[in-house]
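In what follows, chains carry the letters A, B, and so on, assigned in the order in which the sequence lines appear, proteins first and then strands, with residues in each chain numbered from 1.
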Number of protein chains: 2
Amino acid sequence: MSDVAKYANVSTATVSRALQHPESVKEETRQKVLAAITALNYTPNVLARQLRRMETKTILVVVPNIENNVFSQLLSGIDAVANQKGYKVLLGNINHKVDKIYDYLDHFRQRQIDGMIMLISDLSDHILQDLANELPLVITPDSSDDAIVPTVVVDNVGSSQRATEHLISLGHRRLAHIAGPLHLSSSKSRLEGYRQALHENGIRFDHELVKAGDFTIQAGFKQMEQLLLMEVPPTAVFCASDEIAMGAIKRIKQHGLKVPEDIAIVGFDNVKFSSIFEPALTTMAQPLEEMGRQSMKVLIDRMNGKTLSKNHFIYSADLIIRESCGAHLNKRE
Amino acid sequence: MSDVAKYANVSTATVSRALQHPESVKEETRQKVLAAITALNYTPNVLARQLRRMETKTILVVVPNIENNVFSQLLSGIDAVANQKGYKVLLGNINHKVDKIYDYLDHFRQRQIDGMIMLISDLSDHILQDLANELPLVITPDSSDDAIVPTVVVDNVGSSQRATEHLISLGHRRLAHIAGPLHLSSSKSRLEGYRQALHENGIRFDHELVKAGDFTIQAGFKQMEQLLLMEVPPTAVFCASDEIAMGAIKRIKQHGLKVPEDIAIVGFDNVKFSSIFEPALTTMAQPLEEMGRQSMKVLIDRMNGKTLSKNHFIYSADLIIRESCGAHLNKRE
DNA sequence: TTGTACGCGTTATCAT
DNA sequence: ATGATAACGCGTACAA
């Protein structure tokens, strides 16, 4: 930079200004500086700038597992607006080991990041709160409703209620639910939506018909097995994720039954493969990429010190009717 | 840091030494410093350290599209060893827009990254070469064989040959190939493997039986359509990716034919969903996570200035036999 | 073994 | 509108 200054016959301060606050510099000198810069092929040292400004223009995204399509879609949205706004995104794949979050927290303590988006909610509320007091933080897509931390979520209760009601409208009265890990609030909310749908339609809630595991294919397979063992198995199952739904369907087929003829299924997420699965999954589509974008936008506002009028952004999921629910067949009476 | 120094009655230099070169400091003073550090709850400012050392301990991973399971698996492996070795990984999702790579190159010019792993090979060889001269660079999993840049790849030719030979061994003589984008060397190599398998088994290579698109389900669907239109359609298809295979199978079913009875299919990648697809995909499994790990290891060596005896690391893919190839049925004669 | 002092490349403050 | 200078926090050459 001092070379540039010399070459342009100005001080380093002016060079800096020409780049940072072009309006505060005479057009003529600005041109001189610019010329010098290209002549010497100078690029600013961002490290020094960061040290001076105490900011990194970098955010950290903590993700439970990149290989899950849900998270990669969110990540994709986050990355898109981050780039557009000049932020870099640091990947924090904790691979389901919650403890690893603490390692990443050091990044912040050492001022290596300006903010953070968490794609996981396993942390207790007060830890999150402490964190949020220290640095700009946004949580998505799973968060308890009463969090004071800004969140971007889908209306899990309402969406699940609609999914369940769709099955009810198809004539089902004996509906099961395969939930995700019940310590996650999204799982709890989806269960709650299922329960409300039953309630409003005068169907008794039965504990036996609710199984919980994690969000994987394997869990769906295993929980469905339990359901099939019942004296009177359900005629429809609302699954808390598409992967669960796929696992469940696989198990049903193995049992010699058909989906949706014998048992109807609705999933959640609208994961990429849900449309080519057989039968194609009826599912609740979360606008994941959009939610990722919004998370980043909220975070940026936060980092810029804007006090937001709104802290929680709630999206609604779309019911995508395909084959696994049986809506395309004759309705039952 | 100066606070720590004061608290411990030493100079800042000693504090620094106590942390960087513990052996060059008396045990007693080291303890004093450590005590002061915990007492004041001091954490070093990494930015300043980086400025001083001119290194960031950060690498950039350029990925064509995070939502693709192949890349997220690689990323997962990269991230794992990066963390372990104290590196941060910056995500560069270019979303198939090759031009965006140039934006990321600025990160390097501005010394924001120490090295780079590219999960894409669309760049011409000499651009890559130029890049590699400027900074540590590793390319995976798609790269031309003659690249001077370090690469971590799968043996595409050999693997594809084995995949094709598997179909031949099942009695097929009229085999088609649906390739990926032919400007990618991995696509070219897979086509070459297919060709060699035919050649070595005395089967004439027929241009008509080779279709190319990209690696997506949609492409597989579309290319299979062409194949089905032929007067004598193939009895087996080797697909350059699992997604292509899924699309192709979908089209075949729509046509009223069965897989593998009427047409046998082999895919490539062993993507997560390939095992629950119906029929379950026979495919070539790349050790993607391991390849990601290896890429990061090679990059670290590079960044440490080690001259590697070996620049190209070639993994072999495993043939995973499931249902889509028909091996579980009676063999044809 | 430890302290002094400089420099890494910027940017902000204060003068001019 | 511009220049001189201090400061960001650390690591290291040199001196002691």
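- Judged purely by atom type and a 3.5 angstrom limit, A:D301 has no side-chain atom pairing as donor or acceptor with the backbone of A:K306.
- Of the side-chain N and O atoms in B:T12, none sit less than 4.0 angstrom from OP1 or OP2 of D:dG9.
- Side-chain proximity of A:K26 to D:dA1, D:dA4, D:dG11: nearest is D:dA1.
- A donor-acceptor contact closer than 3.5 angstrom is absent between the side chains of B:E290 and B:Q294.
- Protein atom CZ of B:R111 is 15 Å distant from nucleotide atom C1' of C:dT10, rounded to whole Å.
- Residue B:H21 places none of its side-chain N or O atoms closer than 4.0 Å to OP1 or OP2 of D:dG11.
- Straight-line distance from the CE atom of B:M1 to the C1' atom of D:dA7: 15 Å, rounded to whole Å.
- To the nearest angstrom, P of C:dG7 lies 14 Å from CE of B:M54.
- Taken from CG in A:L19 to CE in A:M1, the straight-line distance is 8.0 Å, to the nearest 0.5 Å.
- Between the side chains of B:D142 and B:S186, a donor-acceptor pair is found at a separation under 3.5 Å.
- Residue A:K6 contributes atom NZ, which lies 18 Å from atom C1' of D:dT2 at whole-angstrom precision.
- Side-chain atoms of B:S187 do not come within 3.5 Å of backbone N or O of B:H183 as any donor-acceptor pair.
- At a cut-off of 3.5 Å, with distance as the only test, a side-chain donor of A:Q286 or A:D269 sits close to an acceptor on the other residue.
- For B:K57 and D:dC10, the NZ to P distance is 18 Å, given to the nearest whole Å.
- Of the residues in residues 30-53 of chain B, those lying under 4.0 Å from DNA chain C by heavy-atom distance are B:L51, B:R52.
- A:T14 comes within contact range of the sugar-phosphate backbone alone, with a heavy-atom separation under 4.0 Å but no base atom that close.
- Comparing D:dT2, D:dG11, C:dT10 against the side chain of A:R17 picks out D:dT2 as the nearest.
- Among the heavy atoms of the strands lying under 4.0 Å from A:N9 are primed sugar atoms or P, OP1, OP2 only; no base atom is included.
- At the heavy-atom level, B:V25 lies under 4.0 Å from the strands shown only through sugar-phosphate atoms.
- Atom pair B:Q20:CD and D:dG11:C1' shows a separation of 8 Å (rounding to whole Å applied).
- For B:Q110 and A:N45, the side-chain atoms include no donor-acceptor pair closer than 3.5 Å.
- Across all strands shown, A:T29 has heavy atoms under 4.0 Å from sugar-phosphate atoms exclusively, and none from any base.
- Counting to the nearest Å, the P atom of C:dT11 and the CD atom of A:E55 are 11 Å from each other.
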